Peer 1: 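The structure under discussion is supplied below as structure tokens; questions concerning it will follow.
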2 protein chains.
Amino acid sequence: MTETAPRPTLEAVAARAGVSRATVSRVVNGGDGVRESLVERVRQAVEELGYVPNQAARSLVTRRHDAIAVVIAEPETRVFADPFFAMQLRGISKELTAHDSQLVLLLTEGRADHARVGRYLAGGHVDGALVFSLHLDDPLPGLIQRAGVPTVFGGRPSWSEGTRATGPTVYVDCDNRGGAREAVRHLVGLGRTRIAHITGALDQTSAVDRLDGFRDVMVDVDPRLIVESDFTPGGGERAMRELLDRCPDVDAVFAANDLTAYGAMKVLREEGLRVPEDVAVIGFDDMLPVAEQTEPPLTTVRQDIEEMGRLMARLLLRGLDRRATSEGVGGAPSSVILPTTLVRRASA
Amino acid sequence: MTETAPRPTLEAVAARAGVSRATVSRVVNGGDGVRESLVERVRQAVEELGYVPNQAARSLVTRRHDAIAVVIAEPETRVFADPFFAMQLRGISKELTAHDSQLVLLLTEGRADHARVGRYLAGGHVDGALVFSLHLDDPLPGLIQRAGVPTVFGGRPSWSEGTRATGPTVYVDCDNRGGAREAVRHLVGLGRTRIAHITGALDQTSAVDRLDGFRDVMVDVDPRLIVESDFTPGGGERAMRELLDRCPDVDAVFAANDLTAYGAMKVLREEGLRVPEDVAVIGFDDMLPVAEQTEPPLTTVRQDIEEMGRLMARLLLRGLDRRATSEGVGGAPSSVILPTTLVRRASA
DNA sequence: CTGAAAGCGCTAACAC
DNA sequence: GTGTTAGCGCTTTCAG
């Protein structure tokens with residue numbers, strides 16, 4: 001705890017530099033159209049006084065805040081289970097920093113918080129929002145779009161197919177379906193014939209898309225080879241047990257993510273089955289702390305999570321800049337699907 | 001991307017309710033000292049117009065922002081390796097929400113960002129800061145304190161012993177030393193005699209404190225039983241190998257955190273040693289996704305990370321409120337050390 | 001208990 | 001180029 005000192009104002013700088021407030025303002029905001037000698041004098045005054053612009057005063061007139069909100073709605077679980085959001089946040093943070101914008105983090109837990117977030121966003125405190133819409137039935141994304149705040153979503157929202165009244169939905173995601181296909185094809189290329197899939201939580205589009213990718217390749221798959229799970233290690237364990245029970249002849253597993261694969265491998269080991277000799281295992285995400293630590297190291301589908309975060313921010317900022325300048329130069333930003341790559345390690 | 005609608009102002013509400021701006025302002029900010037009937041009328045007008053106060057305008061005059069910054073300085077690694085920060089953030093977020101404050105997240109990577117963060121904090125954009133000072137030599141915490149922003153630190157800062165010119169340093173931490181002692185005593189109670197310690201990164205006070213706790217109990221420990229590591233699973237593996245090499249007779253390991261314990265157990269298994277029969281293992285943190293998933297489940301020292309976050313926020317807010325009202329009621333807030341508890345599972 | 005009036009610090013037209 | 005002049009939307013004395 002320390003004391004707050006009074007801050008010098010534009011006025012003070014102007015006085016010290018012997019110019020008008022307007023001139024100081026111009027210099028502070030880029031300084032074009034001001035004589036070089038004056039620019040220098042103002043700069044010096046700013047320096048000497050330790051002047052820092054008052055953001056509140058500036059926002060009041062510009063109606064910009066140089067701040068964007070990141071909304072993460074997660075009733076509990078996943079935010080902690082894997083470092084997914086931390087990485088995404090880092091990507092977002094980097095991009096915002098480069099753009100001199102601040103990151104306002106809004107974490108919600110349950111409906112009680114929805115109203116609060118809606119109000120905040122509608123309140124015009126931020127220039128835009130980055131929202132992670134994890135569950136199909138989450139009302140929050142809708143609320144947010146209705147709030148009239150420029151928004152980019154992380155992960156394909158469930159309604160992404162159509163166009164809402166408010167305009168096209170912009171989102172960033174990785175190629176879940178294509179990545180899944182590549183993983184399964186790899187398993188097929190290995191000569192495996194009884195290839196199973198442990199799904200993610202099917203109320204999230206990423207899980208649905210990965211399942212679709214699996215089906216794309218395994219067209220007439222024995223339905224018993226698909227077992228529903230939830231993206232967690234514990235879920236992976238339960239699913240693997242069930243799978244082994246239903247189909248003892250399974251010789252490969254494509255797990256919806258690395259954590260699930262980890263759980264599955266644990267069960268496989270307990271059952272005395274060797275990976276990959278008896279059962280090949282492949283994950284999704286390439287969450288380093290997990291994928292490199294399994295035994296054997298996990299073959300998996302990599303998505304560049306940090307880049308996804310960076311891209312979300314970039315898309316949003318670009319949209320904001322566009323509307324700020326000549327409305328409509330270059331067309332509205334559209335969604336981006338990032339490619340995935342198969343990372344071969346030892347498990348498949 | 002959507003369009004931003006014009007927002008109703010206080011003026012509009014006043015007109016609609018047939019009162020003055022001042023009255024509306026009073027109602028919006030608590031409404032004491034206003035006749036009940038008017039309060040009602042204003043409330044209704046607010047409702048009908050969907051009025052939301054303009055925070056910038058308000059801040060301009062009140063000089064408060066109802067926002068606090070969370071600064072996380074982490075050159076790379078740990079932020080992702082474990083869900084530590086995610087949990088802490090959730091705790092912070094909950095407390096801030098209850099206090100109607102916003103969370104501005106500042107992630108830094110390296111010195112380049114220090115200036116930026118320093119400027120931001122000094123710029124008076126937020127009412128206070130919550131800072132995670134992870135490394136002993138990090139210049140950022142000092143910078144921040146100098147910026148004159150009320151601050152609470154997460155984890156004991158290295159200089160916590162003395163009092164800085166700016167006043168006492170307030171921080172929240174768990175009882176690393178006591179927790180370590182308890183863990184080691186437990187091992188002793190199990191009849192183990194060759195008890196080793198794999199340290200955390202010793203440029204962090206938490207690692208140093210846990211090591212001290214270990215030493216408190218193992219006063220004349222064979223120095224070969226202490227091996228330095230870095231809080232990561234890979235580090236834990238390397239350390240365990242070295243340990244086994246130096247002291248094949250080791251019969252217990254106290255690892256500086258769960259991730260390290262995980263790495264150590266992996267090596268133990270590879271070497272054909274049973275846990276806990278041959279070597280008992282105990283961790284620190286009780287990071288559920290890790291501790292419950294190891295084989296066998298990990299005995300560990302639990303710290304309530306979310307509560308630490310909540311407490312940091314509470315301490316900061318309390319300090320702010322105090323100075324806002326009658327300066328100095330109840331004395332300056334002081335640091336808090338949260339207790340730890342030993343969670344017995346199967347590994348020790 | 002309520003209203004009128006004076007800014008908070010800054011930007012953006014518009015003059016000079 | 002540079003200064004002057006209006007506010008941005010809100011809170012807060014100060015009268016009434």
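Note that these values count all heavy atoms, side chains included, but never hydrogens, waters or copies made by symmetry. Quick caveat, the model's predicted, so the values are computed rather than measured. Chain naming here is simple, since letters A, B, ... match the order of the sequence lines and numbering starts at 1 in each.
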Peer 1: Any sub-3.5 Å donor-acceptor pair from A:S59's side-chain atoms to A:R64's backbone N or O?
Peer 2: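 At least one qualifying donor-acceptor pair exists.
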Peer 1: What is the first contacted nucleotide of DNA chain C and what is the last, in 5' to 3' order, if contact means an atom lying under 4.0 angstrom from a heavy atom of chain A?
Peer 2: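 The protein-touched segment is C:dG9 to C:dA13.
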Peer 1: Can you name the atoms? Protein N/O to nucleotides 13-16 of chain D N/O, anything below 3.5 Å, with the distance.
Peer 2:
none

Peer 1: Whole Å only: how far is the CZ atom of A:R35 from the C1' atom of D:dT2?
Peer 2: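 Rounding to the nearest Å, CZ of A:R35 and C1' of D:dT2 are 9 Å apart.
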Peer 1: Check this one for me: any side-chain N or O of A:S20 less than 4.0 Å away from OP1 or OP2 of D:dG3?
Peer 2: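 Indeed, a polar side-chain atom of A:S20 lies that close.
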Peer 1: Would you kindly give the CZ-to-P distance between B:R7 and D:dC10, to the nearest whole Å?
Peer 2: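 Spelled out: CZ on B:R7 to P on D:dC10 is 11 Å.
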Peer 1: Is B:S25 near enough to D:dT11 that one of its side-chain N or O atoms lies under 4.0 angstrom from OP1 or OP2?
Peer 2: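 Result: yes.
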Peer 1: For A:L121, run the side chain to side chain contact (heavy atoms under 4.5 Å, CB included) check against A:I144, A:L143, A:V104 and tell me which one passes.
Peer 2: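 It is A:I144, the one option of A:I144, A:L143, A:V104 that forms the side chain to side chain contact (heavy atoms under 4.5 Å, CB included) with A:L121.
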Peer 1: Return the set of residues passing side chain to side chain contact (heavy atoms under 4.5 Å, CB included) with A:R63 (not counting sequence neighbours), or none when no residue passes.
Peer 2: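 Checked A:R63 against side chain to side chain contact (heavy atoms under 4.5 Å, CB included); zero matches.
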Peer 1: For residues 54-63 of chain A, which residues have at least one heavy atom under 4.0 Å from DNA chain D?
Peer 2: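 By residue number: A:L60, A:V61, A:R63.
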Peer 1: Report the end-to-end axis angle of the helix from C:dC1-D:dG16 to C:dC16-D:dG1; each axis comes from five terminal pairs, and the value is rounded to 10°.
Peer 2: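 The angle, to the nearest 10 degrees, is 30°.
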Peer 1: Which one of B:T169, B:V170, B:V336 satisfies the side chain to side chain contact (heavy atoms under 4.5 Å, CB included) criterion with B:V152?
Peer 2: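 The option that passes is B:V170.
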Peer 1: When the nearest nucleotide of DNA chain C is assigned to B:S37 and to A:V52 on a heavy-atom basis, which residue is associated with the more 5' position?
Peer 2: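 Mapping each residue to its closest nucleotide by heavy atoms, the 5'-most match is B:S37.
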Peer 1: Just the rounded figure in Å: distance from P of D:dC10 to CD of B:E11.
Peer 2: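 Spelled out: CD on B:E11 to P on D:dC10 is 9 Å.
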Peer 1: What is the nucleic acid contact for B:V19, judged by heavy atoms within less than 4.0 Å: base, sugar-phosphate only, or nothing?
Peer 2: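 If one applies the 4.0 Å heavy-atom cut-off, B:V19 turns out to touch the sugar-phosphate alone, with no base involved.
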Peer 1: Return the orientation label for the B:Y120 and B:H125 ring planes: parallel under 30°, perpendicular over 60°, tilted otherwise.
Peer 2: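 Geometry flag for B:H125 against B:Y120: parallel rings.
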Peer 1: Return yes if some donor-acceptor pair links the side-chain N/O of B:T97 with the main-chain N/O of B:S93 below 3.5 Å, else return no.
Peer 2: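 Yes; judged by distance alone, with no hydrogens or angles, the pair exists.
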Peer 1: Without decimals, in angstroms, what is the distance between B:R21 CZ and D:dT12 C1'?
Peer 2: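 Answer to the nearest Å: 11 Å.
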Peer 1: I need the A:L89 CG to B:F85 CZ distance, nearest 0.5 Å.
Peer 2: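 Those atoms lie 12.5 Å apart.
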Peer 1: Without swapping roles, check the side chain of A:D127 against the backbone of A:H65 for a donor-acceptor pair under 3.5 Å.
Peer 2: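 A pair under 3.5 Å: yes.
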Peer 1: Could you tell me how far apart A:H125 (NE2) and D:dC10 (C1') are, to the nearest whole angstrom?
Peer 2: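 Going from A:H125 (NE2) to D:dC10 (C1'), I get 13 Å.
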Peer 1: For residues 26-37 of chain A, which side-chain N or O atoms pair as donor and acceptor with protein atoms under 3.5 Å away, sequence neighbours left out?
Peer 2:
unit_1, atom_1, unit_2, atom_2, d
A:N29, OD1, A:R58, NH2, 3.3
A:N29, ND2, A:S25, O, 2.7
A:N29, ND2, A:S25, OG, 3.4

Peer 1: Side chain to side chain donor-acceptor pair (under 3.5 Å), that's the test. Do B:Q44 and B:E48 meet it? Break it down for me.
Peer 2: CA-CA 6 Å; B:Q44 181 146 354; B:E48 290 168 2; 3.3 Å; yes
Peer 1: Nearest 0.5 Å, please: how far is CD in A:E95 from CG in A:L315?
Peer 2: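 A:L315 atom CG to A:E95 atom CD measures 10.0 Å (nearest 0.5 Å).
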Peer 1: Looking at A:E306 and A:R90, is there a salt bridge between them, counting it only when a charged N and a carboxylate O are closer than 4.0 Å?
Peer 2: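 No.
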Peer 1: Starting at CG of A:L136, measure out to CH2 of A:W159 and round the result to the nearest 0.5 Å.
Peer 2: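 Separation between the atoms: 10.5 Å.
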Peer 1: Would you mind reading off the distance between B:D66 atom CG and D:dC10 atom C1', rounded to a whole angstrom?
Peer 2: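 Going from B:D66 (CG) to D:dC10 (C1'), I get 14 Å.
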Peer 1: Tell me, with the steps shown, if A:D113 and A:R116 meet salt bridge (charged side-chain N to carboxylate O under 4.0 Å, His left out).
Peer 2: CA-CA 5 Å; A:D113 285 347; A:R116 173 179 64 88; 3.6 Å; yes
